[in-house]
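Right, one structure below, let's go through it.
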Amino acid sequence: MQADNDKKVSDHLANERTFLAWIRTGIGVMAFGFVVVKFSLFVKQLSLLLNKQYVVQEKGYSPAIGIALVAAGAVTTLLAYRRYKKSEKQINDNTYQNSSLLLTMLTCFIILASILLIAYLIQSI
């Protein structure tokens with residue numbers, strides 16, 4: 001009986017560590033989104049500092065991509081909490097089933113955002 005309890009404690013602690021890793025990922029994605037939003041401002045200031053003529057496009061993609069990344073980070077955090085609570089219940093009921101939906105969704109979104117950023121940077125050259 002003690003071994004079963006020890007295993008559940010270990011499983012719950014692992015679930016918490018996984019949840020905290022997802023929280024860090026969500027914060028990282030939001031921070032990256034903030035940087036992307038401010039990217040055009042940075043380029044403009046850098047060009048002024050270097051006395052180079054660079055026109056920042058008024059309708060650039062970086063604000064939209066950055067805002068989408070911040071939203072993705074927030075959604076990641078919410079889905080991580082949902083996954084944490086679901087895993088907690090499954091551990092308690094001895095019915096745990098792995099799910100990679102959150103990982104798949106975040107990976108696809110980051111790849112899409114990366115492609116859009118690469119296209120934006122190539123267009124800016």
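FYI, side chains are in, hydrogens and waters are out, and symmetry mates aren't considered; it's all heavy atoms of this structure.
The line from OG1 of Thr107 to CD1 of Ile110 is 8.0 Å long, rounded to the nearest 0.5 Å. Taken from CZ in Phe32 to CD1 in Ile65, the straight-line distance is 9.0 Å, to the nearest 0.5 Å. The structure places CD1 of Ile111 at 12.0 Å from CG of Leu116, a figure rounded to the nearest 0.5 Å. Between the CG atom in Leu79 and the CG atom in Leu102 there is a gap of 5.5 Å [rounded to 0.5 Å].
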Practice item. Mind running side chain to side chain contact (heavy atoms under 4.5 Å, CB included) on Leu20 and Tyr84 for me, showing each step along the way? Key: CA-CA 9 Å; Leu20 292 174; Tyr84 168 76; over 6 Å; no

Point to revise | Verdict with supporting geometry, Leu69 and Phe109, side chain to side chain contact (heavy atoms under 4.5 Å, CB included) | key: CA-CA 8 Å; Leu69 284 165; Phe109 184 80; 3.7 Å; yes

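Arg83 places a side-chain N or O within donor-acceptor distance of the main-chain N or O of Ser99, the cut-off being under 3.5 Å. Checking side-chain atoms of Thr18 against main-chain N and O of Ala14 turns up a donor-acceptor pair under 3.5 Å.
The cluster map of Ile, Leu, Val, Met, Phe, Trp and Tyr, joined by side-chain heavy atoms under 4.5 Å apart, puts Leu78 and Trp22 in different clusters. At a threshold of 4.5 Å between side-chain heavy atoms, the hydrophobic network of Ile, Leu, Val, Met, Phe, Trp and Tyr places Leu101 and Leu112 in one connected group. Under the 4.5 Å side-chain heavy-atom criterion for ILVMFWY residues, a single connected hydrophobic cluster contains both Val29 and Leu103.
No side-chain heavy atom of Met105 sits less than 4.5 Å from a side-chain heavy atom of Thr76.
Ala80 and Phe19 get closest at one heavy-atom pair: O-CD1, 3.5 Å. Nearest heavy atom pair, residue Thr77 against residue Gly26, reads OG1-CA, 4.0 Å. In this structure, Val70 and Phe34 approach most closely via the heavy-atom pair CG2-N, 3.8 Å. Taking every heavy atom of both residues into account, Asn15 and Ser87 meet most closely at OD1-CB, 3.4 Å.
Residues satisfying the side-chain hydrogen bond (donor to acceptor under 3.5 Å, both in side chains) criterion with Gln90, sequence neighbours excluded, are absent altogether.
Sorted by first and then second residue, the salt bridge (Lys or Arg N to Asp or Glu O under 4.0 Å) pairs involving residues 7-22 (not counting sequence neighbours) are Lys7-Asp11. Screening residues 85-101 for salt bridge (Lys or Arg N to Asp or Glu O under 4.0 Å) gives Lys85-Glu88, Lys89-Asp93 as the qualifying pairs, with residues at least two apart or on separate chains.
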